[in-house]
J.: 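Quick one: structure below, then a few questions.
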Number of protein chains: 2
Amino acid sequence: MPERRVTMADVARRAGVSPTTASFALSGRTDMRISEASRDRVLEAARELGYRPNVTARSLRTKSTQTIGFVSDRITTTPFAGDVIRGALEAARERDHLLFITEAGGDRAAESSLVHALLDRQVDAVIYGSMFTRYVTPPKELFGRRVVLLNCLAPGFDAPSVVPDELEAGRDAARALLAAGHREGIWAIGGHQAVPATPEGIIAGNERMRGLEEVLRVGGARLDGVVECDWDTRDGHREVAALLAAGHRPRALVCLTDRVSMGAYQALGEAGLSVPGDVSVVSFDDQDIASVLRPALTTLKLPHYRLGRLAVELILGEGPLEPVVHRVPMPLRERASLGTPAADRRT
Amino acid sequence: MPERRVTMADVARRAGVSPTTASFALSGRTDMRISEASRDRVLEAARELGYRPNVTARSLRTKSTQTIGFVSDRITTTPFAGDVIRGALEAARERDHLLFITEAGGDRAAESSLVHALLDRQVDAVIYGSMFTRYVTPPKELFGRRVVLLNCLAPGFDAPSVVPDELEAGRDAARALLAAGHREGIWAIGGHQAVPATPEGIIAGNERMRGLEEVLRVGGARLDGVVECDWDTRDGHREVAALLAAGHRPRALVCLTDRVSMGAYQALGEAGLSVPGDVSVVSFDDQDIASVLRPALTTLKLPHYRLGRLAVELILGEGPLEPVVHRVPMPLRERASLGTPAADRRT
DNA sequence: CTCCGTTGTTAAATCGGATTAGCAAGATGC
DNA sequence: GCATCTTGCTAATCCGATTTAACAACGGAG
């Protein structure tokens, strides 16, 4: 059992002043006059006693708990989206705030009850996040609160959103291909998900494809084809194998996610095609596997860390939160899977 | 700006009773007599007003905040160790507790200051975790507190530990090999790290190897050799390639981690050897890649989810915490990389 | 009819700080 | 010499609950 905590009253007593004086001295407020001598005595006493303010007690009066709630569907589980948490954690720590992390697992009732649990603990603000970019309707308990939407969009909900700049990422993928000299034999695997098999396709897929096609077109190139499939390794493998079996000989594959890329690698390998010698691969996400595949995958990184960090920075910023969409750049990780097009042959 | 929160005084007023009566009625205490009628009126009023208790205010009096602090070096980042967080989160939610997640990034000073931040907010207990199993010395601020050590050990520190049962996992790996008929040509890649290149080797590596060798010996088999290397894909690839280049023809590889397995796959593939046709692979950890590699990897799963869950269950259990080491089983994920030994040929 | 024990309820204190209002002493102004 | 300011500090309240102590009202015992 830890010894009783030192309170401000203890400090005041030791310094020989009233609790009021101690409070002012410790909070360093200048609008209330405290003599140099008193202040020093209080600070000294606090140091000697190892005094730490009880944030819980303080916040009862001040309303501010120096605490942020984080609600998401399942963000901790998403492979390495823990980076979102880390970004948020670090930004919060720099500002002396702590984060309540919660996960509702997609259950609306659980979500409501978690938001309540957060509000009951007087959090100063709430980050409402999603494991992939999508449209959401935040629980009504969050209306009128200080909220930032992380990796999701809620038109009509009065709060800023922080999302990856998928459109520009699509453009950058195209630019990288063009820069390497690719003009034809380019296929997109994973598609824009007009009828999305994978929920990620709704926003990420569409915007990536839009940016990709736009810049390819302007650059005098175009897509030979778009293959729709689920965003996983199995589908990537199956679809690319099917593509090759159908006699196509792509020179570059734009895989909509690293998991699809991994399947593509497998299919290409089985067909005796080398990356990037025979076929270049450009991908999106930069998950763990991207740097570990052989050859290492050139991919546009989902800026998870910066997403989390920006959300906290916004929420702890001064003034009201404008319902603006902040798009965070997706940097191109240039590795080894993109090369110049193979010498001419049947496509 | 959200409207003023409904307080207990509001409820009392509406129900026409004193705050005291409201408090007793709401907390459902039986030791203080409240008439059926009063209780009902209070409950009704609370319902109508949508009253929610202010946990912060309550905990000022009761000392309990229904909140747990979680301090770790870098647990959110570790690929998919987010499962630890998820396990803890779910167990906490079932018990109406919230978690403060923090990460010190291995910095002692940051760690201390985070623990202070947690204690300043009156957390009921603290989980002190590590991203891989190792010996730690928790910050002195945690002495005498209610603490559970997660995925780490601190001899002399008076708190229970929750760790994976690495020893038994090693045994299970051996049992799986024996059951498949393997008796010779077995190599361990990643080794026991007598002089650990990888910090994970200190506990996990040693115990896995110990269990492995023990059961193999009893089963009439033995290791042909142990290759020491870093626990990453690059080293796994290099060492297995070197092994093959030296003329060895193993029939089974026990890779100390999935990352090494992935490197082994690459080296075996380059040498034209198939898994499990020519060489079986048994691994440890069950990271994301394990199920996505082809063939899917047979591996002993690090029980992250259960680790996190058990830590919370212990910490929220009744009574004092005994300094016991809880070992959580590592289940064998049987997939496709383990088969019967190839027909005889030179080893 | 008085005394005592129940029963139901409430006033008041408490938790640890922040904040408001006010007070005493010395300095300044005229 | 008296009114007025400053300066430096403190008493008292408040924040929103929980908890202790006490107090009416009533019924039963003697």
Side-chain angles (χ1 to χ4, degrees), chain A residues 2-43 45-46 49-67 117 119-124, chain B residues 2-43 45-46 49-67 116 119-124:
Chain A
E3 70 299 344
R4 194 180 67 82
R5 243 180 109 97
V6 174
T7 77
M8 212 178 60
D10 298 327
V11 173
R13 201 170 310 121
R14 182 178 189 107
V17 298
S18 72
T20 311
T21 302
S23 176
F24 283 126
L26 286 167
S27 60
R29 284 179 42 168
T30 49
D31 57 335
M32 199 56 58
R33 302 142 308 205
I34 303 288
S35 71
E36 195 82 23
S38 296
R39 188 196 324 285
D40 288 350
R41 281 217 313 289
V42 170
L43 264 29
L49 296 175
Y51 169 73
R52 304 224 94 224
N54 179 330
V55 176
T56 300
R58 169 191 296 164
S59 59
L60 181 56
R61 188 77 230 260
T62 62
K63 303 303 181 196
S64 157
T65 52
Q66 307 269 94
T67 288
L119 297 178
D120 291 350
R121 287 172 179 75
Q122 312 292 112
V123 294
D124 297 338
Chain B
E3 70 298 346
R4 194 180 66 82
R5 242 180 112 98
V6 174
T7 77
M8 212 178 60
D10 298 327
V11 173
R13 200 170 310 121
R14 181 177 189 108
V17 298
S18 71
T20 311
T21 303
S23 175
F24 284 128
L26 287 167
S27 61
R29 285 178 42 167
T30 50
D31 56 335
M32 201 55 57
R33 302 141 309 203
I34 304 287
S35 70
E36 195 81 24
S38 296
R39 188 196 326 284
D40 288 351
R41 280 217 313 290
V42 170
L43 263 29
L49 296 175
Y51 169 74
R52 304 223 95 223
N54 179 329
V55 176
T56 300
R58 169 190 296 164
S59 59
L60 179 58
R61 189 76 231 259
T62 62
K63 303 303 180 195
S64 157
T65 52
Q66 306 269 97
T67 289
H116 270 137
L119 296 179
D120 291 349
R121 288 172 180 74
Q122 313 292 113
V123 295
D124 297 338

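Protein chains get the first letters and strands the later ones, always in sequence-line order, with residue 1 at the start of each. Values below: every heavy atom of this structure, side chains too, minus hydrogens, waters and symmetry copies.
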J.: Let me know the distance between CG of B:Asp40 and P of C:dT9, rounded to the nearest Å.
T.: 11 Å
J.: Could you state the CG-P distance from B:Leu60 to C:dG17, rounded to the nearest angstrom?
T.: 9 Å
J.: In whole angstroms, how far is the P atom of D:dG8 from the CG atom of A:Asp31?
T.: 14 Å
J.: What protein N or O atoms touch nucleotides 18-20 of chain C N or O atoms at under 3.5 angstrom, if any, and at what distances?
T.:
unit_1	atom_1	unit_2	atom_2	d
C:dA18	OP1	A:Arg58	NE	2.9
C:dA18	OP2	A:Ser23	OG	2.9
C:dA18	N3	A:Arg61	NH1	3.1
C:dT19	OP2	A:Arg29	NH1	2.7
C:dT19	O4'	A:Arg61	NH1	3.2

J.: Measure the shortest side-chain to side-chain distance between A:Asp10 and A:Arg4 over non-hydrogen atoms and say whether it is less than 4.5 angstrom.
T.: yes
J.: Should B:Thr21 be listed as having a side-chain N or O under 4.0 Å from OP1 or OP2 of C:dT9?
T.: no
J.: Between C1' on D:dA17 and CZ on B:Arg52, what's the gap in Å once rounded to a whole number?
T.: 15 Å
J.: Would you please test B:Thr65 and A:Arg121 for side-chain contact (heavy atoms from CB on, under 4.5 Å) and show each step?
T.: CA-CA 8 Å; B:Thr65 52; A:Arg121 287 172 179 75; 5.9 Å; no
J.: In whole angstrom, what separates A:Asp120's CG from D:dA17's C1'?
T.: 13 Å
J.: Rounding to a whole Å, what distance do you find between B:Arg121:CZ and C:dC15:C1'?
T.: 18 Å
J.: Report yes if some heavy atom in the side chain of A:Met8 is under 4.5 Å from a heavy atom in the side chain of A:Leu26; otherwise report no.
T.: yes
J.: Counting side-chain heavy atoms from C-beta on, which of D:dC15, C:dG17, D:dT10 comes nearest to A:Ala57?
T.: C:dG17
J.: For the pair made of CZ in B:Arg33 and C1' in D:dA21, what is the distance, rounded to whole Å?
T.: 12 Å
J.: Categorize A:Val55 for me: base, sugar-phosphate, or nothing, with a 4.0 angstrom heavy-atom threshold over every strand shown.
T.: nothing
J.: Grab the CD-P distance between B:Glu36 and C:dG8 for me, whole Å please.
T.: 10 Å
J.: Counting only side-chain N and O atoms of B:Ser18, is one of them less than 4.0 Å from OP1 or OP2 of C:dT10?
T.: yes
J.: Distance alone, cut at 3.5 Å: any donor-acceptor contact between the side chains of A:Thr21 and A:Ser18?
T.: yes
J.: Is there a side-chain contact between A:Ser38 and the phosphate of D:dC9, meaning an N or O under 4.0 Å from OP1 or OP2?
T.: yes
J.: Please check the phosphate of D:dT18 (OP1 and OP2 only) for any side-chain N or O of B:Lys63 closer than 4.0 Å.
T.: no
J.: I'd like to check B:Asn54 versus A:Asp120 (side-chain heavy atoms, cut-off strictly below 4.5 Å). Are they in contact?
T.: no
J.: Donor-acceptor check, side chain of B:Arg41 to backbone of B:Arg14, threshold 3.5 angstrom: yes or no?
T.: no
J.: So, using salt bridge (Lys or Arg N to Asp or Glu O under 4.0 Å) as the criterion, who are the partners of B:Asp124 when residues are at least two apart?
T.: none
